[in-house]
*Asks:* 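Sharing a structure with you now.
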Amino acid sequence: MDLPAERNAAEFMISRLKSHVAKLRLRGHPGDLSGPSEWLDLCEAISNTSLEYLRRFDAAPDGDRPQILKDTNDLNNLVYSLLVEMEGSGTEDLPYPVVGPMQRWIELLEIPNVTFFRALPAPIYEIRRFQLSDFQGIRNGSLDLKRVLSAESKWPYLRITVPSRALGILPHFAIVAHEVGHIIHQRLAPQFDFSDVELLKFSEKVLFSLGKASIRSESKTFFDVTVKSWLAELFADAVGICMLGPAFYFALCAFIQGKTSDYILTRTHPPAILRRKIAFGNLTLAGKWDHPAVFAKRTEVELNEGINSRLLEQPPAADALIESLVAKDYDDEEAHILCLLPDLVESVHEEVFRAAYDHIAKVAPSLLYTSQQLDRDLEEHLEALVVAIPPIEFGASLEATTPAELSSILNVGWAVLLTRLDRLAVRQEENQLLIAEKSEKLHSLLVKAVELSEAKRIWGRA
């Protein structure tokens, strides 16, 4: 079977894909992280494998040619899909000054995975993992594909999604620390054990509520999977508190309330009100940390648990909650487990925080955001930002200054947003939208602070 038209079409597609990869390399990506380039290396290596398939096609017996051509087309479609996954990762989509500090988090935390950021026009923060096993089934790979796949320590490849420029609100970018927490959690795979007393208490409550002497093995599996997912989320939240302090707490509360204020239980995420309660407690868990006390001292506003999330609902009565869960396709035993699980999970929250804190303290202690740092940040920059001076650097004189870290910029920004926004210096354009105008001004000042602090950091390395 000759198949000239089909063979030529496959070669043309390979050429177009390789050309597009070359253009993406020239377009550039924000920051110095090698992730985007290594993702393109993977795409190019698969395209080179496609070319080798075509050479094999040209020399193959007629009976083998259709399958070789199908395999070639499959690889072309794979490359195309991988390039689509990269959309939104260019310099026109992501502001370099914001990506740069987040890249430093990954480097300082010694995360070896290939990592890149991309932006979507949606209020979304998430991480996706591309597993090595997804590509190991490619037969007769090119030499460069074998090289890429042999670097097992770099897998899974990680893509972190953030809102695009149009929707990105800089103070909310603190949520990225949660996604970094998930990366750490996957690498450490920490185990958290409930005490025998707490576990017995939970079991008795579930069985009494069900009116049964035991539950099915499938329900026990559901319990194990749900607990694992919930604790992973709480670990990621703990990493955020360790790295960003109150800024992460404020961003977390704003983000989860923005998605929904309803009390929702799922097998993947603990309820928002529980996450808020535990994260608030974490603000005072580490050593001499007391972020709420420092915040109140410098802003004269109490940092209480519901400071920016008063719409979050408390749990309804147990009977109503179980009924709603069953209506969402959970069976009766699963519904009772979910309903009673928050108290059990909360019993290990200090252990979860300690695991996150200890890891960061060991690997990257400079990333721990202490209440002493918060005190310094607010003392030096809170009132300055109110009069439109962005928090760019610290120091007693121009000759002895250091660039501000993203953690400091975010915390000063949130302090103004929650306690000084009405006083922010801004040229008044529209009375009806004055608060929105001030919020936009604050966002612009914070972006400028990140830009200039990064420029100062680069200049200092030159």
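Throughout, residue positions are numbered sequentially from 1 according to the sequence presented.
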*Asks:* Tell me if a side-chain donor or acceptor on His349 pairs with a main-chain N or O of Glu346 at a distance below 3.5 Å.
*Replies:* yes

*Asks:* To the nearest 0.5 Å, what is the distance between CG (Leu69) and CG (Leu54)?
*Replies:*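 Rounded to the nearest 0.5 Å, the CG-CG separation comes to 7.0 Å.
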
*Asks:* Would you call Glu152 and Leu132 a side-chain contact if the rule is heavy atoms closer than 4.5 Å?
*Replies:*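 In contact.
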
*Asks:* For Leu75 and Ser50, which heavy atoms make the closest approach, and how far apart are they?
*Replies:*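 For Leu75 versus Ser50, the nearest heavy atoms are CB-OG, 3.2 Å.
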
*Asks:* Assess whether a salt bridge exists between Arg457 and Glu405, defined as any Lys/Arg side-chain N lying under 4.0 Å from an Asp/Glu carboxylate O.
*Replies:* yes

*Asks:* Ignoring hydrogens and angles, tell me if any N or O in the side chain of Tyr249 forms a donor-acceptor pair with the backbone of Glu305 under 3.5 Å.
*Replies:*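 Between the backbone of Glu305 and the side chain of Tyr249 there is a qualifying donor-acceptor contact (under 3.5 Å).
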
*Asks:* State, yes or no, whether a side-chain contact exists between Phe353 and Cys242 at a heavy-atom distance under 4.5 Å.
*Replies:* yes

*Asks:* Can you see which heavy atom on Tyr369 is nearest to which on Met243, and at what distance?
*Replies:* CB-O, 3.3 Å

*Asks:* Does any non-hydrogen side-chain atom of Gln314 lie less than 4.5 Å from one of Tyr263?
*Replies:*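 Tyr263 vs Gln314: side chains apart.
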
*Asks:* Using 4.0 Å as the upper bound for N to carboxylate O, is an ion pair formed by Glu451 and Lys448?
*Replies:*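 Salt bridge flag = yes for Glu451 with Lys448.
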
*Asks:* Between Glu383 and Arg423, is there a side-chain N and carboxylate O pair less than 4.0 Å apart?
*Replies:*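 Answer for the salt bridge query: yes.
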
*Asks:* Salt-bridged, Glu380 to Arg298, with N to O below 4.0 Å?
*Replies:* no

*Asks:* Which value, rounded to the nearest 0.5 Å, describes the distance between Thr72 atom OG1 and Glu52 atom CD?
*Replies:* 11.0 Å

*Asks:* Ignoring hydrogens and geometry, is there a side-chain-to-backbone donor-acceptor pair from Trp105 to Leu367 under 3.5 Å?
*Replies:* no

*Asks:* Do Trp155 and Phe130 have ring centres separated by under 6.0 Å?
*Replies:* no

*Asks:* Just so I know, are the side chains of Phe116 and Tyr157 near enough to count as touching, which here means a heavy-atom distance under 4.5 Å?
*Replies:*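 Of all side-chain heavy-atom pairs linking Tyr157 with Phe116, none is under 4.5 Å.
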
*Asks:* Between Arg276 and Ser309, is any side-chain donor less than 3.5 angstrom from a side-chain acceptor?
*Replies:* yes

*Asks:* Closest heavy-atom contact between Ala232 and His182?
*Replies:* O-CE1, 3.8 Å

*Asks:* Please examine the side chains of Arg129 and Leu158, heavy atoms only from C-beta on, and report whether any two atoms are closer than 4.5 Å.
*Replies:*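 Yes, their side chains come closer than 4.5 Å.
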
*Asks:* Working note: Ile278 + Asp237, criterion side-chain contact (heavy atoms from CB on, under 4.5 Å); need CA distance, chi angles, decisive distance, verdict.
*Replies:* CA-CA 9 Å; Ile278 291 175; Asp237 288 347; over 6 Å; no

*Asks:* Rounded to the nearest 0.5 Å, what separates atom CD in Glu334 from atom CG in Leu341?
*Replies:*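 Answer for the CD-CG pair, Glu334 versus Leu341, is 12.5 Å.
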
*Asks:* Minimum heavy-atom separation for Phe295 and Leu303, please, with both atom names.
*Replies:*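 Smallest interatomic distance, heavy atoms only, reads CD2-CB, 3.6 Å.
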
*Asks:* Kindly compute the distance separating CD (Glu437) from CG (Leu424), expressed to the nearest 0.5 Å.
*Replies:* 10.0 Å

*Asks:* State, yes or no, whether a side-chain contact exists between Glu454 and Arg104 at a heavy-atom distance under 4.5 Å.
*Replies:*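 In short, these two side chains touch, coming nearer than 4.5 Å.
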
*Asks:* Does either side chain, that of Ser408 or that of Asp377, offer a donor lying less than 3.5 Å from an acceptor on the other one?
*Replies:*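 The criterion, which ignores hydrogens and geometry beyond distance, is satisfied for Asp377 and Ser408.
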
*Asks:* Where the side chain of Asp358 meets the backbone of Ala355, is there a donor-acceptor pair that is under 3.5 Å apart?
*Replies:* no

*Asks:* Yes or no on side chain to side chain donor-acceptor pair (under 3.5 Å) for Ser142 and Thr49, after CA distance, side-chain angles and deciding distance?
*Replies:* CA-CA 5 Å; Ser142 60; Thr49 301; 3.1 Å; yes

*Asks:* To the nearest 0.5 angstrom, please state how far the CD atom of Glu92 sits from the OG atom of Ser164.
*Replies:*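 Going from the CD atom of Glu92 to the OG atom of Ser164 covers 11.5 Å.
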
*Asks:* Compare every heavy atom of Leu24 with every heavy atom of Leu83, then report the nearest pair and how far apart it is.
*Replies:* CD2-CD1, 3.8 Å

*Asks:* Scan side-chain atoms only and decide if Gln257 and Ser261 contain a donor-acceptor pair under the 3.5 Å cut-off.
*Replies:*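 The answer is no; no qualifying pair exists.
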
*Asks:* Using side-chain contact (heavy atoms from CB on, under 4.5 Å), reason through Val180 and Ile111 one step at a time and then give a plain yes or no.
*Replies:* CA-CA 9 Å; Val180 173; Ile111 295 171; 4.3 Å; yes

*Asks:* Below 4.0 angstrom, N of the basic side chain to O of the carboxylate: do Arg118 and Glu87 qualify?
*Replies:* no

*Asks:* Any idea how Phe235 and Phe192 line up, ring-wise: parallel (<30°), tilted (30 to 60°), or perpendicular (>60°)?
*Replies:*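 If you compare the ring of Phe235 with that of Phe192, the planes turn out tilted.
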
*Asks:* Side chain of Asn411, backbone of Ala247: donor and acceptor closer than 3.5 Å?
*Replies:*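 The answer is yes, because a donor-acceptor pair under 3.5 Å joins these two groups.
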
*Asks:* Look only at the side chain of Asn77 and the backbone of Asn73, and say whether a donor-acceptor pair between them is shorter than 3.5 Å.
*Replies:*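 Answer holds: yes.
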
*Asks:* Could you tell me whether the side chain of Ser453 and the main chain of Ala449 form a donor-acceptor pair under 3.5 Å?
*Replies:*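 Checked: pair present.
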
*Asks:* Any side-chain donor-acceptor pair under 3.5 Å between Thr401 and Lys456?
*Replies:* yes

*Asks:* Could you tell me whether the side chains of Thr115 and Asn113 share a donor-acceptor contact shorter than 3.5 Å?
*Replies:*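 Side chains of Thr115 and Asn113: no pair found under 3.5 Å.
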
*Asks:* Apply side-chain contact (heavy atoms from CB on, under 4.5 Å) to the pair Val363 and Ile184, showing each step before the final yes or no.
*Replies:* CA-CA 11 Å; Val363 177; Ile184 296 172; over 6 Å; no

*Asks:* Is the backbone of Leu374 close enough, under 3.5 Å, to the side chain of Ser371 for a donor and an acceptor to pair up by distance?
*Replies:*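 No, the answer is negative, given that no donor and acceptor are paired below the 3.5 Å cut-off.
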
*Asks:* Under the 3.5 angstrom rule, does the side chain of Trp414 hit a backbone N or O of Pro171 as a donor-acceptor pair?
*Replies:*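 Judged by distance alone, yes, a pair lies under 3.5 Å.
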
*Asks:* State the CG-CG distance between Leu17 and Leu78, to the nearest 0.5 angstrom.
*Replies:* 10.0 Å

*Asks:* Do Phe394 and His381 have ring centres separated by under 6.0 Å?
*Replies:* yes

*Asks:* Could you pull out the closest heavy-atom pair between Ala177 and Val239, with the gap in Å?
*Replies:* O-CG1, 3.8 Å

*Asks:* With side-chain contact (heavy atoms from CB on, under 4.5 Å) as the criterion, how do Phe280 and Arg275 come out once you've worked through the C-alpha distance, each side chain's angles and the decisive distance to 0.1 Å?
*Replies:* CA-CA 8 Å; Phe280 183 76; Arg275 292 178 69 184; over 6 Å; no

